[in-house]
Amino acid sequence: MRTKLDGPEVEHRTVTVFRTGAASLEADVDLGVPYGLGRRLGFSLTALSRLRREVRRWEPNIVVAHGGEALKYATFAATGEIKLVYYKIGTSRERLRNPVRRLFHRYLVSRADLVAGVSEEIVDEATTLLGTSSKNTVYIPNGRDPAIFCHNADPTNLSPVRFLFVGHMTRTKRPEVFLETIDELTKRGVSVRGVMVGDGPMLESLRQSASEQIVFLGARDDVPQLLGDADVLLFTSTTEGEGMPGVLIEAGLAGLPVVATDVP
């Protein structure tokens, strides 16, 4: 039997576990777990305890784990008759070269009632590397609403050329490559301006090492407008962790040229 999940009798609730700065997602519940030793080591008992308490309080029928880290906690919080869906948003092949980590992740995925992948590469990884059954795996492409994107930049005004970075300031996003690119173009005599959107653990160190051509905007909720005002989106991520990057879809809808690494 199929159940519709968008009717008036259905309630959806979003939960964020770890404390972050401003974000485009306004969660219904923010558990506010600090970035402490447990998370650095790979598993926070505080996060599990708070999420389990929230699940017991609300008693949902379905819990959707958005990403691999969320799956670690949702697996042990969504017990009993609760259905667990793992929405796999990034590749993890490199991380899972470690046999112990791969075995643990295979166990987590085996507890999910359904695995949804944002790209064909993700679905293939789930079945071949993590051992999920094809009947319990579904491909749900990443997507955006085209109506909110437009390109505002004047193509005749290219001085300075406005480069944009949008993403979390983490190791796999490689924001330092954006800084290096802007510096190299400046050395070659190109008039450029770099705008970085996003927050994360590398933000402060990036601020300290950035040239005067770089502007940091932090977390923003007006990314469609910023894409529309830019000349080029520079996407610097490693393959690891990317599934089908939403910002590349957004740039395409905004008519914005993209220079990107080779990701799914």
Side-chain angles (χ1 to χ4, degrees), residues 20-25 67 89-94 118-119 121-122 141-146 148-264:
T20 62
S24 57
L25 172 65
I89 58 176
T91 58
S92 47
R93 192 172 299 274
E94 290 300 318
V118 300
S119 68
E121 290 94 335
I122 295 294
N142 205 349
R144 295 294 188 272
D145 179 5
I148 63 175
F149 295 93
C150 61
H151 194 55
N152 305 315
D154 181 359
T156 65
N157 180 20
L158 294 179
S159 183
V161 179
R162 292 155 295 188
F163 281 80
L164 181 67
F165 173 96
V166 179
H168 204 50
M169 307 295 179
T170 57
R171 179 187 59 82
T172 58
K173 299 295 184 182
R174 299 198 306 176
E176 73 281 1
V177 175
F178 184 87
L179 301 188
E180 294 166 1
T181 302
I182 298 300
D183 287 346
E184 180 62 27
L185 289 171
T186 301
K187 290 177 182 177
R188 297 186 183 190
V190 182
S191 178
V192 294
R193 181 172 182 264
V195 177
M196 303 194 76
V197 178
D199 61 8
M202 294 179 64
L203 179 57
E204 289 308 314
S205 62
L206 292 167
R207 287 185 193 273
Q208 295 173 12
S209 60
S211 66
E212 61 182 13
Q213 281 79 21
I214 305 291
V215 176
F216 293 88
L217 299 183
R220 297 285 290 259
D221 59 5
D222 60 344
V223 170
Q225 177 66 40
L226 295 170
L227 289 166
D229 292 337
D231 296 309
V232 179
L233 176 74
L234 185 57
F235 186 87
T236 56
S237 294
T238 64
T239 301
E240 177 69 10
E242 296 292 347
M244 182 187 286
V247 70
L248 297 187
I249 298 173
E250 294 172 356
L253 292 172
L256 178 63
V258 175
V259 177
T261 48
D262 185 12
V263 293

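This structure is a prediction, so every number in the text was calculated from the model and none was measured.
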Minimal heavy-atom distance between Val192 and Phe163, with the atoms involved, is CG1-CE1, 3.9 Å
Interatomic distance, CG@Leu217 vs CE@Met196, rounded to 0.5 Å, equals 10.0 Å
Closest heavy-atom pair, Val258 versus Ala251, reported as atoms and distance to 0.1 Å, is CG2-CB, 3.6 Å
To the nearest 0.5 Å, atom CZ of Arg220 lies from atom CD of Gln225 at 9.5 Å
Flag the pair Leu233 / Val247 as yes when at least one side-chain heavy-atom distance between them is below 4.5 Å, and no otherwise.
-> yes
key: Polar side-chain atom of Thr261 near backbone of Ser237 as donor-acceptor pair, under 3.5 Å   = yes
Can you confirm whether more than 12 heavy atoms, excluding those of Asp145, are under 6.0 Å from its CG atom?
yes
Can Glu242 and Lys173 be counted as an ion pair, charged N to O under 4.0 angstrom? yes
Donor-acceptor check, side chain of Ser119 to backbone of Gly243, threshold 3.5 angstrom: yes or no?
yes
CG (Leu179) and CD1 (Ile182) are apart, to the nearest 0.5 Å, by 8.5 Å
- Answer whether the closest heavy-atom distance between the side chains of Pro257 and Asp231 falls below 4.5 Å. no
### Query
Are any of the side-chain heavy atoms of Asp199 and Met169 separated by less than 4.5 Å?
no
Is any side-chain heavy atom of Ser211 closer than 4.5 Å to one of Thr186? no
Rounded to the nearest 0.5 Å, the CZ atom of Phe235 sits from the CG atom of Leu248 at a distance of 5.0 Å
- Query: Counting only heavy atoms not in Arg207, do more than 12 sit closer than 6.0 Å to its CZ atom?
  - Reply: yes
In this structure, CD of Glu180 is separated from OG of Ser209 (nearest 0.5 Å) by 9.0 Å
(message) With a 6.0 Å cut-off (strictly less than), is the heavy-atom count around CZ of Arg193, excluding the residue itself, greater than 12?
(response) no
Between Ala254 and Leu227 the two heavy atoms that sit nearest each other are CB-CB, 4.1 Å
In short, Leu256 meets Ala230 closest at the heavy-atom pair CD1-O, 3.4 Å
Of all heavy-atom pairs linking Thr91 and Thr239, the shortest is OG1-O, 2.9 Å
Taking every heavy atom of Thr170 against every heavy atom of Pro201, the minimum-distance pair comes out as CG2-CD, 3.9 Å
Worksheet item: Are side-chain heavy atoms of Ile214 and Phe178 found at a separation under 4.5 Å?
Response: yes
Q: Would you mind reporting whether Pro245 and Glu250 have side-chain heavy atoms less than 4.5 Å apart?
A: no
Counting C-beta onward and ignoring hydrogens, is there a side-chain heavy-atom pair between Phe165 and Leu234 closer than 4.5 Å? no
